[in-house]
Amino acid sequence: MQKPPQPQEFALRETSPCIGRGGISGDKLGCTYDLVEQMQYLYVRVVKAKNLHPIDISGSCNPYVEVKLGNYRGTTKHFENKSNPEWNQVFAFTKDRIQASLLEVILSDKNMVKDGVMGRVIFDLNDIPKRVPPDSPLAPQWYRMVDRKGDKVKGELMLAVWMGTQADEAFPEAWHSDAATVSGDGTGHIRSKVYLSPKLWYLRVNVIEAQDLMPSDKSRYPEAYVKAMLGNQTLRTKISQSKTVNPIWNEDLMFVVAEPFEEPLILSVEDKVGPGKDENLGMCVIPLHNVQRRLDHKPVNTRWHNLEKHIVGDGEKMKETKFASRIHMRICLDGGYHVLDESTHYSSDLRPTAKQLWKTSIGILELGVISAHGLIPMKSRDGRGTTDAYCVAKYGQKWVRTRTIIDSLNPKWNEQYTWEVFDPCTVISVGVFDNCHIHAGDGKSGGSKDSRIGKVRIRLNTIETDRVYTHSYPLVVLKLSGVKKTGEVQLAVRFTCSSLTNMLHNYTHPLLPKMHYIHPLSVVQLDNLRHQATQIVSTRLGRAEPPLRKEVVEYMLDVDSHMWSMRKSKANFFRIMGVLSGVIAVAKWLDHICQWKNPITTVLIHILYTILVLYPELILPTVFLYMFLIGLWKFRTRPRHPPHMDIRLSHADAVHPDELDEEFDTFPTSKGSDTVKMRYDRLRSIGGRVQTVVGDLATQGERLQSLLNWRDPRATTLFVVFCLVAAVVLYVTPFQVVSLLAGLYGLRHPRFRSKLPSIPLNFFRRLPSRADTMI
């Protein structure tokens, strides 16, 4: 069941930007800046001044420097009472917007009444030298200042002035002319930045038993349970079945923690005295830097910890030393797992936490963020609509944010970033946002959130290696009013493979580290741990300067992707129907054969059927040879463009307003009485799980389809070659031998079975699906 193509408005467009012009050199990672258009900048480095003469009658000197080029003005900070100040600040002016022939660097004296000009240095733009990285940085030099009349004055300025590109090492930290209307510390919010996600660990707390618990009521045995607290995470065991002073639990509690470890693990043993009433029987505090780290499934040593009982005296908590109980636990940091902080369908990193288990990289991913076109106004300023757009890209632990282009619906960034790739079956996400924290606006923007403009996902195993993909991706957001195109973003992507053998070998490995299969976590555990991981990542990145805000991090990590949605359920249903359409077509074709609607085809099928019955050893070779030929035939029509957001597949173009109202409703719901609330929440919770299962079923079917459709060119190549080899081997091998070996292999003893998934299953799980194009 094929859905009609989406409207041309939401289609992907291949572009031909003028990238790589001039062979711009790159940074220390080897990025050559050949995926973006070259942009010329005038750089002015204001280093320091000397021998300044006070012009104020008070004799004080509060110097600052103003760099003036036409209508653009950049200002350094001022110093109090300093005649030899040092600024070491860089200003960058876009050459395309330069409308003056002279550059003025003015040294002024800060005064409460009126600032006074101490001197200036004037440059003719035609005389400014050009510098092409990786040339050595241009050495600054001392310049004598002049007054308004051109006469020399006392004091000198150390400056460096040159023409360069965005590949210059001064570019990231420079003041940009695009920010000329931003005052104060707001310039920090427009610069490009690189962020790193915190290193996440799973903390496993195996609560075994406790000894000598003493409740206040000596006439009863305690109904004890253990409560573990780590930051805002709180977990508890079940009430021990052994109602004694030596209870036994033997339960695992799992937490997510981030390095550096800032908060200790606090465990308390509680006695369930009555409904809503618990008594603390003791507690202990465990610093995480003392916890043992493990790389595999081997159990760590157990330890007894003393429980300190607290009493309240004189309004303060004090330790009670009359009696000490103990608790027996096994605590470790599990480095063999990959801590999931993204949606499992769009993971950008699959490595375990422990670096000792990492494998060598297989290549380099380069992303050029070129520009955006046709962005819709996201806010109003001075009575007109405007947008201050920036991009965020996330792959692995590295997040990048481009500079913010002020007041433009067609911004140009032309910034290039590089990541190491360890697994081709990963996804890079690029989001476009409106910066709401750089202008005072109407006085209310300080507490507002950065608005979503749209997002793009690109799965690496759906693109060819060493090929530059330049496309304009539609930016689509789903709002309460329906699906809306908010513009287009132009990207250039290149995946360079350093070892083809290692990359192809990756297809035989499990998708996740071994610990996920040897000691798997439950679905409920994974959901809770992922929620905690996303909260930790958003909190840590929000503490950077400038912060990567919570709403941005959560949007990039698809925090709400598991919530119930009637639209998504319908979309997944149509995905399943699309997968089953091939089976339905075969059934109809067989019915046509039986009905002799095409006599020639029916006769040929009779002949083929007779041959296969008389010579059964030809069945399997024929099947594999047929799939090999289909794969070769479809090579001509293989996809040539990366996938993108598909509104038809997502069922976003025909969604009912009431369904959107339900999708954008809060959880728990805010609509209805208490009874309706309870039933509604239960329905959404169950529906969300059903939706996930249906989506997973559709994913498996689409992966099966992708074997021969060249969506992943490397996987299809491996499968097509395997089909050819299998066809030859099965042709020369008696069918009885093949059947005997296959049967014996399927009935082998459990001793010869591995807990890890088989190679065919690993290969299958790495195949791409259409989940990447879901909104």
Side-chain angles (χ1 to χ4, degrees), residues 15-26 32-45 66-75 89-105 122-133 135 138 160-182 187 190-192 368-375 377 381 384 386-391 401-417 432 434-435 438 470 472 487-492:
T15 59
S16 300
C18 186
I19 62 177
R21 182 178 58 187
I24 312 178
S25 62
T32 57
Y33 283 88
D34 59 344
L35 296 185
V36 293
E37 297 177 351
Q38 186 182 104
M39 297 181 69
Q40 295 289 335
Y41 286 89
L42 169 63
Y43 289 98
V44 181
R45 181 185 295 276
E66 180 184 35
V67 181
K68 181 181 177 182
L69 182 63
N71 294 327
Y72 294 111
R73 298 170 184 264
T75 306
Q89 187 171 344
V90 179
F91 298 84
F93 299 88
T94 308
K95 185 178 180 181
D96 294 342
R97 298 188 179 183
I98 294 178
Q99 298 177 346
S101 59
L102 296 178
L103 168 70
E104 289 186 83
V105 182
I122 301 176
F123 297 88
D124 189 332
L125 296 188
N126 296 322
D127 298 332
I128 294 177
K130 293 185 179 180
R131 191 178 84 86
V132 180
D135 292 351
L138 187 66
V161 183
W162 72 95
M163 296 295 299
T165 67
Q166 71 267 40
D168 201 293
E169 70 275 2
F171 179 80
E173 295 300 326
W175 175 95
H176 287 270
S177 56
D178 293 330
T181 57
V182 181
T187 54
I190 75 145
R191 292 172 178 160
S192 56
V369 184
I370 301 175
S371 62
H373 302 282
L375 299 183
R381 184 183 301 138
R384 59 184 180 85
T386 186
T387 296
D388 305 321
Y390 67 93
C391 288
R401 192 187 75 172
T402 68
R403 68 191 190 282
T404 300
I405 305 299
I406 307 298
D407 194 14
S408 176
L409 302 181
N410 299 288
K412 291 185 178 181
W413 293 285
N414 285 303
E415 298 181 24
Q416 186 166 338
Y417 301 95
V432 184
D434 175 47
N435 196 329
I438 55 176
T470 53
S472 186
E488 296 183 2
V489 61
Q490 189 178 18
L491 304 176

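We're numbering straight along the sequence, starting at 1. Note that the structure is a prediction, hence the values are computed from the model and not measured. Below, each value reflects all heavy atoms present in this structure, side chains not excepted, and no hydrogens, waters or symmetry copies.
Legend: side chain to side chain donor-acceptor pair (under 3.5 Å) pairs involving residues 91-104, not counting sequence neighbours, sorted by first then second residue: Arg97-Asp178, Glu104-Arg120.
Side-chain atoms of Asp388 do not come within 3.5 Å of backbone N or O of Asp434 as any donor-acceptor pair. Counting only distance, with no hydrogens or angles, the side chain of Glu488 and the backbone of Ser472 share no donor-acceptor pair below 3.5 Å.
Note that OG1 of Thr165 and CE of Met39 are 10.5 Å apart. Values are rounded to the nearest 0.5 Å. Rounding to the nearest 0.5 Å places OH of Tyr72 at 12.5 Å from CG of Leu42. The CZ atom of Phe123 sits 7.0 Å away from the CD1 atom of Ile128 when rounded to the nearest 0.5 Å. The structure places CD of Gln416 at 9.0 Å from CD1 of Ile370, a figure rounded to the nearest 0.5 Å. Note that the CZ atom of Arg381 and the CD1 atom of Ile406 stand 7.0 Å from one another [nearest 0.5 Å].
Contacts of Phe171 classified as ring pair (Phe, Tyr, Trp, His ring centres under 6.0 Å), with partners at least two apart in sequence or in another chain: Tyr41, His176. Legend: residues meeting salt bridge (Lys or Arg N to Asp or Glu O under 4.0 Å) with Arg131, ordered by chain and number and at least two apart, are Asp168, Glu169. By the side-chain hydrogen bond (donor to acceptor under 3.5 Å, both in side chains) test, Thr75 is found to be paired with no residue, residues two or more places apart in sequence or in another chain being considered. Glu415 meets the salt bridge (Lys or Arg N to Asp or Glu O under 4.0 Å) test with Arg403; sequence neighbours excluded. Partners of Thr15 by side-chain hydrogen bond (donor to acceptor under 3.5 Å, both in side chains), not counting sequence neighbours, listed by chain and number: Gln490.
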List the steps and the verdict of side chain to side chain contact (heavy atoms under 4.5 Å, CB included) for Trp413 and Val36.
CA-CA 9 Å; Trp413 293 285; Val36 293; over 6 Å; no
Could you walk me through whether Ile405 and Lys412 pass the side chain to side chain contact (heavy atoms under 4.5 Å, CB included) test, one step at a time?
CA-CA 7 Å; Ile405 305 299; Lys412 291 185 178 181; over 6 Å; no
Please determine whether side chain to side chain contact (heavy atoms under 4.5 Å, CB included) holds for the pair Val67 and Arg73, giving the CA-CA distance in whole Å, both sets of side-chain angles, and the decisive distance to 0.1 Å.
CA-CA 6 Å; Val67 181; Arg73 298 170 184 264; over 6 Å; no
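Ring centroid separation for the pair Trp175 and Tyr43 does not come in under the 6.0 Å cut-off.
Looking at Asp407 and Thr386, their side chains do bring a donor and an acceptor atom within 3.5 Å of each other.
The shortest heavy-atom contact between Ser192 and Pro172 is OG-CA, 4.1 Å. Of all non-hydrogen atoms in Arg401 and Tyr417, the two that sit nearest each other are O-OH, 3.7 Å. Listed here is the closest heavy atom pair of Cys391 and Val369: SG-CG1, 3.7 Å. The heavy-atom pair separating Asn410 from Gly374 by the smallest distance is OD1-N, 2.9 Å. Between Ala389 and Leu375, the shortest heavy-atom distance links the atoms CB-CD1, 3.7 Å.
Between Lys68 and Leu102, every side-chain heavy-atom pair lies at or beyond the 4.5 Å cut-off. Counting heavy atoms from C-beta on, the side chains of Leu491 and Val489 come closer than 4.5 Å.
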